[in-house]
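Written out below as structure tokens is the structure these notes cover.
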Amino acid sequence: MEIQELQSLFAHSPRVKALGRMLIDNSQKKITISGLHASSAPLVFSAVGLAWPEAFSMPFLFIMDDEEQAGYF
């Protein structure tokens, strides 16, 4: 399976759609997301970026547990 196929699957998820709407709404200053494992976090945010590019019109800060995890993100 190619990355583009995975991004498309993630982009159609109701939770990813809700995240995209929250980011566009811009009323939330802090969003905490948990339960994403391995490469699912970068895939979720890349899917949001593809489906809602306007959601990334401002800078974001991603905080990982350690340097290794941040490197993989």
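The model shown is predicted, which means the values in this text are computed figures rather than measured ones.
- Val16 and Ala47 make their closest contact through CG1-CB, 4.4 Å (heavy atoms, listed as atom of the first residue, atom of the second, distance).
- Each ring-ring contact (aromatic ring centres under 6.0 Å, His included) pair with one or both residues in residues 2-52, not counting sequence neighbours, appears once here: Phe45-Phe62.
- Atom OG of Ser57 sits about 9.0 Å away from atom CD1 of Ile24, to the nearest 0.5 Å.
- Applying the under-4.5 Å side-chain rule to Ile, Leu, Val, Met, Phe, Trp and Tyr, the cluster around Ile63 extends to Leu61.
- Not counting sequence neighbours, the partners of Asp25 by the side-chain contact (heavy atoms from CB on, under 4.5 Å) test are Ser27.
- Contacts of Gln4 classified as side-chain contact (heavy atoms from CB on, under 4.5 Å), with partners at least two apart in sequence or in another chain: Glu2, Gln7.
- By the criterion of side-chain heavy atoms lying less than 4.5 angstrom apart, applied directly or through intervening Ile, Leu, Val, Met, Phe, Trp or Tyr residues, Val44 is not grouped with Leu50; the two fall into different hydrophobic clusters.
- Residue-environment remark: CZ (Phe56) exceeds the threshold of 12 foreign heavy atoms within 6.0 Å.
- Residues satisfying the side-chain contact (heavy atoms from CB on, under 4.5 Å) criterion with Arg15, sequence neighbours excluded, are Ser13.
- Contact detail for Gly20 and Val48: the closest heavy-atom pair is CA-CG1, 4.1 Å.
- Every side-chain contact (heavy atoms from CB on, under 4.5 Å) that Ile31 has, sequence neighbours left out, goes to Leu19, Met22, Leu23, Gln28, Ile33.
- A 6.0 Å sphere centred on CD of Glu5 holds more than 12 heavy atoms belonging to other residues, nucleotides or ligands.
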